Protein chains: 2
Amino acid sequence: MPYSGLRSAPDAAPTRTAEVYRAAAELMVEKGFGGTSISEIAQAVGMTKAGLYHHISSKQDMLLRILNHAMDELELIVTTPVRLIEDPEERLRQLMRLQIQGLVRHGLVFVVLFSEINHLAPEQQQEIRGRIKEHHALIREALRELAESGRLRSLDVNIATMHIMNAMTGVARWKAQDFASDEEHLIHETVAYTMAALLKPEA
Amino acid sequence: MPYSGLRSAPDAAPTRTAEVYRAAAELMVEKGFGGTSISEIAQAVGMTKAGLYHHISSKQDMLLRILNHAMDELELIVTTPVRLIEDPEERLRQLMRLQIQGLVRHGLVFVVLFSEINHLAPEQQQEIRGRIKEHHALIREALRELAESGRLRSLDVNIATMHIMNAMTGVARWKAQDFASDEEHLIHETVAYTMAALLKPEA
DNA sequence: TGCAATCTACCGAACGATCGGTAATTTAGC
DNA sequence: GCTAAATTACCGATCGTTCGGTAGATTGCA
């Protein structure tokens, strides 16, 4: 799971820099941005605080890179493959499946850390928020198509979009702490729950 | 909105101590526990850091009191009145309405801060988590009754409970940041969305 | 092939700032 | 004159960051 420009070849051993970012992301997911110190990150990769600064330029820049990397992965794993699905209902179902899987398996970097956006400079905040809105647009578009074909319940598309996103990040959060459950069951139930909220009851 | 044992009479001017806790809660909601410094809180109420310590015993204890106070209010505003409603469907609807209103209006102390539980000592964490579980039980019980009377879709009650809680805290979070919308509309849509996810379609 | 020059990856030490918290002291109100 | 409330003046620890320096590998040139 390589970070920043230093994307090592897929099968090669991870760069030291990549290891640093990986460890940082893990710690920040667990304890938040403010709650994670540079010393901790350094210790996690067996290095001095000073040594770390050979790989990073600042703590804030680190967060920006981690967030952008998370969005890259989101696009790679979820957005891109899902765009190919024509039927909006199936597209939505797959989006949720893939995104929850991504959240649960590849660490929760995806979303949990997005609550820490405010630690970035304003312009950097805009950059990330823009990418998130693109992702929201994907969901909104599926809902719009469903509405066009008459399959959607009468509802506010904006609010529904937020509920869908919220449900997915929620699932990832429980999974991370105490709430243990079979992953496949959890995903299936969540998709069913959400689709029931969205679609007209079958005739 | 009085805090700790120093609950001033409902119509009286708020105690200085209450003001301190109020400001602290507000700041912590905005910037997190770790992101809020004692000096900031002191400044917010026009006091020195040292002066603050006349009113509080420690930062951690402050968090515990804020969390417990939030649960007190939750019980006062939501739990207690809702328990009186016999029909489980209406009980659930009212629970959601009241809780979202409480979240949005009385500050988001209720839930936003519960992600900061880990800053407490383990035994204090248990104390708060216990109170939250009691609240979950209220929702679970409504779902159980709905299932008994055959009104509930076939679903996992535990997972559904989490989704309901998650939706409510989610709504409060959006409301707090950029996502602006008419409060009544937001509540109505959320309740409708959730009930559609839960109940069998009407015959 | 040999050797100097350069680069990578790290270290120990220290910077100013801020953290949560304390002791002694002054001020304000009954 | 007593108590409560707030002050000034600190403490040790830690924060993110920068410094000068160095062992070891890599490169350029004769």
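Heavy atoms only: backbone and side chains are in, while hydrogens, waters and symmetry mates are out. Since the structure is predicted, the reported quantities are computational estimates derived from the model, not experimental observations.
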Q | Sugar-phosphate, base or nothing in reach of B:Ser37, heavy atoms under 4.0 Å | A | sugar-phosphate
Q) Looking only at side-chain N and O atoms, does B:His55 come under 4.0 Å of OP1 or OP2 in D:dA6? A) yes
Q.
Measure NE2/B:His119 against P/C:dG20 and give the value in whole Å, please.
A. 11 Å
Q) Reckon B:Arg16 has a side-chain N or O less than 4.0 Å from the OP1 or OP2 of D:dA6? A) yes
Q) Between C:dG21 atom C1' and B:Leu52 atom CG, what is the distance in whole Å? A) 11 Å
Q) D:dT17 base to A:Lys59 side chain: any donor-acceptor pair below 3.5 Å? A) no
**Q.** For A:Glu26, side-chain hydrogen bond (donor to acceptor under 3.5 Å, both in side chains) partners two or more places apart
**A.** none
Q. Are the charged groups of B:Glu89 and B:Arg93 less than 4.0 angstrom apart, N to O?
A. yes
Q | Euclidean distance, atom NE2 of residue B:His54 to atom P of D:dA4 [Å, nearest integer] | A | 7 Å
**Q.** Nearest-nucleotide pick for B:Thr48, side chain only, options being C:dG20, D:dT7, D:dC19
**A.** D:dT7
Q | Residue B:Ala50, side-chain atoms from C-beta onward, closest of D:dT8, D:dT18, C:dC10 | A | D:dT8
**Q.** Integer-rounded Å distance: D:dA6 P and B:Lys49 NZ
**A.** 17 Å
Using residues 80-88 of chain B as the side-chain source, report each donor-acceptor pair under 3.5 Å to any protein atom, sequence neighbours left out, with the distance given to one decimal.
| unit_1 | atom_1 | unit_2 | atom_2 | d |
| --- | --- | --- | --- | --- |
| B:Thr80 | OG1 | B:Glu75 | O | 2.8 |
| B:Asp87 | OD1 | B:Arg151 | NH1 | 3.1 |
| B:Asp87 | OD1 | B:Arg151 | NH2 | 2.9 |
| B:Asp87 | OD2 | B:Glu90 | N | 3.1 |

